[in-house]
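As structure tokens, the structure follows; a few thoughts come after it.
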Amino acid sequence: LVDVNAQISAIVAVRHEQLPVIRERIDQWLRLDQQLAVLTVALAEAGERSIDRFTEARVSEARSSVAEMLERLRALEARFARSTVNVGVSGSARVGKSTVLQSITGLGDEQIPTGTGIPVTAVRSRIYHADHSRALVSLHTFDTFRRDVLEPLHLALTLAAVPAGVDEFRTWPYPATIEEHLGADAESAELAAQLTRLREIQQALPTFADDLTGGDREVPLADLRQYVAYPNAGERAAPGGARHRYLAVREVMIECPFPAAAVSRLGLVDLPGLGEADTNSDARHVANLRGDVDVVVMVLRPAEGIAYFGRPNIRTLELLKEVRGRAGSARDFVFLAVNDAAADRERLPGLRQSILQLANDNEPDKRFQVLTADAKDAGQVHDRIVAPVLGHLVERLPAMDREVRALALAEAKPVLERIGTTAAEIGTALRRSRPAQGVDGMLIGRARELRSQLALELRVILDDLRRQAEETAEDEEFVHTLETTFDEILEWIKGGFDEGTASWTKRAYLEMARADNASGFAAEELNYTRVDISRRFAALSDLFVVRVNAVWAAVATALRRNLGDLLGDREPSPENAEAVLRRLSGLLEEAEEPCPTLASAITGLLEVRIDYQSQLYPRVRSALSGLNQEVPNPATGEIVHQTSVPVSEQGAEQLLSAVSRLAEGAAHQAKRALLADSMAPSAVLFAAVEHFADLLIRSRESDSEFRQLARSYRDDIWPAEFHTIGQASARLNRLRNAVRSVSETVADLERAQ
Amino acid sequence: VSDSFLSLLVQAARRRYAPTWTPPFRPAAQDAPRDADLVFRVSMLGPTKVGKTSIIAALLREAETSLLHMGVALEPFDLPTEQRIAEHRRAIAGLLYAGEFDPAAIRANIEEAVFRLRMSTGSAEVGIRFDLLDYPGGWLDPHRRGAENQEGWDECLRFMEQSTTLVIPVDAAVIMEAQLTRQKMSLPFILAPSEVRDIAARWAAARMQRAEEPAMVVFAPIKCESYFDDNGGLQNESGRLYQLVTRLYDEVREVIRLEAPHAKVFYAPVDTLGCVQLISARWLPNPVFPDVLECLPHFGIRPPGRVQPKGVDSVLFLICQQLAEARKRAAELILKARQEEADQASALAGRREGLLKEFLMRLTGEQELREEYRSKTSALVGVEIDKINKLNGVIDQLAARPLGARARQW
């Protein structure tokens with residue numbers, strides 16, 4: 001057996017090596033399952049008419065297939081992940097299963113309760129060799145209790161509903177007898193027994209209701225019995241009756257040192273009542289058992305009343321066949337162990353005979369190997385049961401593992417094909433339906449409306465500017481500023497050019513006397529004066545800045561009014577208009593679908609500058625040209641001196657008078673020149689906005705770029721409008737994505753086969 | 001002795017008859033105008049302060065130089081005229097001397113004045129008398145005229161209707177400095193083109209009734225010194241001035257063209273002083289009509305401050321040409337009458353009256369008187385022909401002179 005242990009270790013090691021691949025496959029199938037779930041939801045949400053209703057059914061089927069695949073793979077994973085080889089021990093009540101388990105493990109009655117004449121083990125237990133001793137009790141919640149215990153009984157008894165909660169179950173009005181329930185003709189002892197059991201469970205509810213907590217509970221081995229065994233006669237007779245805590249227990253895992261160290265790599269699974277309950281209950285047992293046991297030892301005992309291979313045994317074999325699946329043969333998976341107790345020996349031949357006839361087709365060990373040992377005799381059990389079973393396992397398990405794995409994977413192929421086909425059909429239907437057309441059509445319409453509306457609003461701005469530019473009425477603000485500037489210049493001249501007339505004439509006289517002529521000083525003063533006057537008119541630039549900003553603000557306001565939330569909450573003002581327009585220009589350039597022409601229209605508008613220096617100075621300069629000491633006579637071309645005074649105090653006064661007169665005249669000429677162009681700022685702005693509107697609305701690229709703008713910033717420009725249609729579009733997109741994901745995962749899985 | 005006796009008798013008879021001797025018929029030249037009565041009329045048509053008197057003064061000054069070499073002269077015909085012109089000249093000279101020129105400082109006329117002038121052609125017999133009407137420009141506006149001046153104004157209107165020439169002075173500074181809408185809207189109030197049009201229409205209608213007489217209108221923008229660069233100015237805005245005057249007086253021109261198609265119309269901008277330069281112009285509300293702005297131009301004197309008119313010669317020559325032409329037409333009418341009378345006199349002197357009557361006529365000197373009459377009328381024809389020849393000479397001289405760069409026929 002030591003050798004067997006080593007061989008089992010090798011088998012376990014080989015199994016472990018395969019785990020990553022299996023787990024990866026599980027992940028892929030899990031992903032596929034999730035993707036199918038998403039696809040199911042997306043299909044329902046999208047309500048796409050082009051996809052027929054059978055598709056949804058096929059997706060639903062696919063999900064079931066995937067669930068089955070996952071179940072198989074998880075079983076495979078469980079099988080390969082175990083560090084033990086598990087032997088299930090099955091058999092009807094009172095055949096001595098627990099005794100066999102005690103003999104195999106060397107454990108005592110504390111851990112594996114036994115009794116005589118009555119069924120003892122009520123809960124499935126797993127027993128593993130370990131250095132420590134503990135028992136982990138997995139408890140039901142009411143829901144799992146309802147599902148695993150009540151539902152099968154209700155179903156078998158054709159009771160309509162199942163209690164939804166503890167309280168409801170406590171007061172559930174069960175029929176007193178099976179006849180009351182099914183009528184006088186009902187003569188089913190089995191159903192009667194199940195009804196009795198159900199009523200007993202109901203009566204026992206107060207004794208285990210507290211334990212319906214779910215989760216695992218670690219209990220000392222000494223206390224384990226109450227969780228796993230039916231109450232014995234003494235317990236039943238005790239005051240207050242017996243507790244039925246086992247009813248709250250799903251299963252128990254017992255870890256303790258096996259005194260029989262030779263089977264330390266063996267896991268033992270107690271399978272109570274297999275084949276005894278109804279079909280549904282058994283089905284769940286089968287599911288739970290897959291991957292959980294490598295081999296099953298079915299214990300038989302030629303006891304009074306059960307000394308034949310009866311119907312429950314045959315049904316158990318059928319169930320175990322399902323647990324095995326298609327891997328290996330029945331012989332590989334199930335051993336029949338006859339408990340050769342001395343007390344039953346006279347009925348032994350009869351049992352053997354019935355086994356030969358009913359299980360082995362009258363040929364010894366044809367389908368099932370029959371082992372015989374006295375369950376109470378540990379030596380016999382080891383030699384006659386454990387040894388041949390383990391020997392068989394060591395020999396057959398690697399091949400069975402391969403077969404199980406291959407079968408599990410092979411079953412994936414048709415499933416994947418079906419899913420792939422379904423996904424492809426949905427994809428084709430989606431492509432045919434062109435679902436985005438509605439949104440696109442609406443968006444194109446809205447883009448066109450946006451363009452028209454902007455054209456209209458820009459026209460209003462343009463009309464305003466045109467009026468300012470073309471009507472005879474002058475720019476009052478400009479005129480006022482100009483008049484004010486002119487008046488200030490006059491004051492400045494009268495005041496002796498900031499210096500005071502007395503000081504000016506005094507300085508003039510001194511300078512003239514020093515140079516012994518007047519013309520040098522006069523020339524300089526005229527130059528200074530010319531520069532000063534020009535500088536004073538330059539203050540008009542401020543007005544132009546205000547004008548330009550106002551136009552930008554008007555344009556920005558029109559844009560913002562029509563662009564929804566794209567330009568934010570802040571109302572454009574002359575102060576922030578440039579920033580707003582720059583932001584829009586940036587948005588247009590950086591859009592998902594860039595709009596370079598629209599962006600350039602805005603940057604072009606932002607480049608408009610009206611300033612004194614570039615636009616008005618040339619005119620003013622020409623008007624100021626008379627403010628020179630020497631000027632050419634236009635008629636003769638000869639140079640004329642504008643001032644000619646004697647070098648004297650009186651001459652200095654005359655010079656001041658002459659310079660003042662020339663300065664006033666030049667300032668007046670400059671004012672006239674500027675007034676003659678008082679409409680110029682409006683004309684420049686009109687031209688700039690007209691060019692902007694042309695580029696924005698009437699350029700070759702305008703139509704397509706407005707669509708691009710609409711697509712790029714749809715939900716910013718029309719935040720509420722595309723909500724519903726956007727959701728529909730999003731739903732279709734989700735469906736498309738779900739189909740794509742499913743197809744990709746199917747392809748991945750097919751490649752991995 | 002008998003010769004001496006007869007001679008004495010004849011002389012006595014002549015002495016007796018001659019002062020009262022009249023031809024035995026109505027002489028054809030009796031109704032012909034006499035030179036002394038030939039007074040032509042020229043009218044200035046413009047609102048107050050536009051510069052009507054300035055033009056007259058400038059014309060006289062201009063005539064002193066421009067006409068001299070042609071042997072033509074323009075001079076005051078009476079003392080009041082001479083005084084009035086001297087007064088105006090003194091006022092201008094004073095302003096120029098002060099170095100500032102404010103047109104408002106020149107007193108506006110408060111009553112109508114007729115400048116009596118004479119254009120001499122170098123021969124004492126062919127002088128042309130003409131009267132030039134100046135009147136308070138304010139009278140043009142019925143609101144300012146007042147009932148007390150209505151009679152005077154009616155006389156003015158009659159004078160203007162009889163004038164062969166209308167000179168319409170236009171204040172160029174006001175037109176050119178009106179840049180803003182309110183200023184432009186004030187121009188009709190300041191320059192009164194509508195009133196000018198109405199009077200021009202009456203004048204044209206009157207001229208049409210004397211279509212044989214020459215008719216002329218001269219639009220004369222004045223104070224043009226700052227808008228031309230041909231007389232010391234630095235800027236040339238003559239084109240704009242022409243456009244603005246055309247626009248403002250278009251209706252006046254149109255009504256003349258319709259009512260008196262034969263009238264000649266000229267555009268002749270003038271610098272009456274030449275040495276002034278507009279420095280600035282302020283526009284202030286009219287004290288009576290606050291909605292109306294008045295232009296207050298401020299002129300400076302261009303050094304050296306010497307009066308140097310420009311374009312006045314064009315107006316002067318146009319007027320002189322016009323006068324000479326008119327005078328010639330009058331002379332031709334006189335000549336015609338003179339010739340008819342000479343023919344009558346000749347027929348009278350050569351008429352056969354029978355021996356007895358002829359004897360008696362000789363005896364009484366009647367025949368001699370007839371002969372004298374014939375030779376006298378014949379000589380008068382020669383005189384008129386001579387005048388016409390002289391006028392033709394003047395006209396040719398004036399016509400040979402170019403109109404001037406600024407002026408143009410409109």
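In what follows, chains carry the letters A, B, and so on, assigned in the order in which the sequence lines appear, proteins first and then strands, with residues in each chain numbered from 1. This one's a predicted model, so the numbers in the text were calculated from it and none came from an experiment.
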I'd like to know whether [atom1] of [X] has more than 12 heavy-atom contacts from other residues, nucleotides or ligands below 6.0 angstrom.
X: B:R401; atom1: CZ; value: yes
X: B:E254; atom1: CD; value: yes
X: B:R282; atom1: CZ; value: no
X: B:R306; atom1: CZ; value: no

(message) So, applying side chain to side chain donor-acceptor pair (under 3.5 Å) with B:S280, which one of A:Q669, A:R661, A:K671, A:E664 is it?
(response) A:E664
(message) What's the separation between atom OG1 in A:T636 and atom CG in B:D229, rounded to the nearest 0.5 Å?
(response) 10.0 Å
(message) To the nearest 0.5 Å, what is the distance between CG on A:L675 and CD on B:Q183?
(response) 7.5 Å
(request) Apply ring pair (Phe, Tyr, Trp, His ring centres under 6.0 Å) to B:W283 and list each qualifying residue two or more places apart in sequence or on a separate chain. (result) none
(message) My understanding is that only residues two or more places apart in sequence, or in another chain, count here; which of them pass ring pair (Phe, Tyr, Trp, His ring centres under 6.0 Å) with B:Y267?
(response) B:Y242, B:W410
(request) Check whether any side-chain heavy atom of B:E177 lies under 4.5 Å from a side-chain heavy atom of A:H668, and answer yes or no. (result) yes
(request) Kindly determine whether B:Q277 and A:L662 satisfy side chain to side chain contact (heavy atoms under 4.5 Å, CB included), including the steps that lead there. (result) CA-CA 10 Å; B:Q277 168 74 40; A:L662 287 170; over 6 Å; no
(request) Show the numbers, then the answer: is there a salt bridge (charged side-chain N to carboxylate O under 4.0 Å, His left out) between A:R672 and B:E237? (result) CA-CA 12 Å; A:R672 282 182 78 222; B:E237 294 184 75; 2.8 Å; yes
(message) The test is side chain to side chain contact (heavy atoms under 4.5 Å, CB included); show your working for B:L234 and A:Q642 and say whether it passes.
(response) CA-CA 11 Å; B:L234 296 177; A:Q642 298 248 63; 4.2 Å; yes
